[in-house]
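Notes follow once the structure below has been shown.
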There are 2 protein chains.
Amino acid sequence: MTVSKTVEKAGDAKGRKEAPEVQGEALQLGELSEQLGYVLKRAQLKVFENFLRCMASLQLTPAQFSVLLLVDKNPGRNQTEIASTLGILRPNFVAMLDNLESRDLCTRIRSTNDRRSHILVLTDKGKAVLTRAKKLVATKHESRLNDLLGQANREALIVMLSKIANEF
Amino acid sequence: MTVSKTVEKAGDAKGRKEAPEVQGEALQLGELSEQLGYVLKRAQLKVFENFLRCMASLQLTPAQFSVLLLVDKNPGRNQTEIASTLGILRPNFVAMLDNLESRDLCTRIRSTNDRRSHILVLTDKGKAVLTRAKKLVATKHESRLNDLLGQANREALIVMLSKIANEF
DNA sequence: TGATAATTGTTATGGACCATATCAAATATC
DNA sequence: GATATTTGATATGGTCCATAACAATTATCA
């Protein structure tokens, strides 16, 4: 395909700025492809997209998976503790838990120490689902990074991203 | 919907599951800290946050900056072309352009070849703002990655993220 | 040629996610 | 015991993202 710069008609000059017009060719990303934020965002979207595909059978979003992981690793914690370490605001965590509880994956238990708070615990079904989810993530999701980058690079990537997340 | 209001008293375990209750200590992230999606998302949020701080004087979001960069690098393209290469849906691109145009950074020019389309061009002010923005990004934003990771690692990171964005 | 299809920018709209203010109940503080 | 703080929850608004639909224009092709 050939670039055809169109000569604009001379008659329509209303003091309008004339722009060179291009067709068909692929756009030049230019410096965009080296902008950290740009490439980071696009990578994140791709990874989430793939995560959702891998988890289609369990119907778990990345955020829901992180809640199950964290509750399982930290039994006996309340909503604010779990939510805040995940960067989720308490009001927004309510609907999330309603969802998980309605699917019998997680339970709110009123604490006997502090009857304001709700202790979070995974149900048996929740634990089973989490186990299956971990396997899916390992075999279908994370393994794909190894294929793409190699083991060493994959680990280096995680380390660098963690550093950015914690120290930037 | 109201849940059983405070009917249970302390001490009566009526078939209620008792959860071990913990207080005060920091939560264990566990496998979460090695989940690609988790660390990727948190890093992205931090980077965007820092970007906005650096650009406060110019009032440019990452998305707006990317539009200016792309229009500058590809003069004579129309809205759909610019939007699609940025992953922005055309309907959502309209308000974005309205904003940039109202600030006199970008202009829509009706094409004489195809009178359906609007050719996008940066205004003089838009070019000036972009130049200043690039400088701010380089000196205040991207440089921080070098300080944190080192030049070589920074480049390796961008390469890996691009690979994920394009091939995952 | 003329009828039909496709494209462009746009509007309207709904969903998902995020942030703030506010509330009642329970607890902490003084 | 009066006041302040914490916890879960509701209401609400903003932003981003996705789809449907429309008028104007252009492409297709019978």
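FYI, side chains are in, hydrogens and waters are out, and symmetry mates aren't considered; it's all heavy atoms of this structure. Everything quoted here is computed from the prediction, not taken from an experiment. Each chain gets a letter, A, B and so on, in the order the sequences are listed, and its residues count up from 1.
Here the P atom of nucleotide dT7(D) and the NE2 atom of H118(A) are 13 Å apart, to the nearest Å. I109(B) places its CD1 atom 18 Å from the P atom of dT8(C), with the value rounded to the nearest Å. With rounding to whole Å, F93(B) atom CZ is found 14 Å from dT8(C) atom P. Residue L89(B) contributes atom CG, which lies 14 Å from atom C1' of dG14(C) at whole-angstrom precision. For the pair I82(B) CD1 and dG9(C) C1', the computed distance is 15 Å after rounding to whole Å. Computed from coordinates, the L120(A) CG to dT7(D) P distance equals 13 Å when rounded to whole Å. dG8(D) atom P lies 13 Å from atom CD1 of I88(A), rounded to whole Å. Taking atom CG of residue N113(A) and atom P of nucleotide dT6(D), one finds them 18 Å apart after rounding to whole Å.
T139(A) and S143(A) make their closest contact through O-OG, 2.5 Å (heavy atoms, listed as atom of the first residue, atom of the second, distance). When all heavy atoms are compared, the tightest approach of N99(A) to S102(A) is O-OG, 2.7 Å. Taking every heavy atom of both residues into account, S33(B) and S162(A) meet most closely at O-OG, 4.0 Å.
Backbone-only contact: R115(B) has heavy atoms under 4.0 Å from sugar-phosphate atoms and none from a base.
Distances were taken from every side-chain heavy atom of D114(B) (C-beta onward) to each of dT25(D), dG9(C), dT19(D); the shortest belongs to dT25(D). Of the listed nucleotides (dT8(C), dT10(C), dG8(D)), dT8(C) has the atom at the smallest distance from the side chain of N78(B).
Side-chain nitrogen and oxygen atoms of T80(A) include at least one within less than 4.0 Å of the OP1 or OP2 phosphate oxygen of dG8(D).
Contact check for I119(B) versus R77(B): no side-chain heavy atoms found under the 4.5 Å cut-off.
If N92(A) and L45(A) are placed on DNA chain D by their nearest nucleotide, the residue sitting closer to the 5' end is N92(A). Comparing L97(A) and K41(A) by the nucleotide of DNA chain D that holds the closest heavy atom to each, the one mapping nearer the 5' end is L97(A). The residue among P91(A) and T61(A) whose nearest nucleotide of DNA chain C is located toward the 5' end is T61(A).
Evaluation of atom-type donor-acceptor distances gives a pair under 3.5 Å for the side chain of R116(B) against the base of dT25(D).
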Does the pair N78(A) and H118(A) meet the rule for a side-chain contact (heavy atoms from CB on, under 4.5 Å), with working shown? CA-CA 5 Å; N78(A) 65 23; H118(A) 288 168; 5.7 Å; no
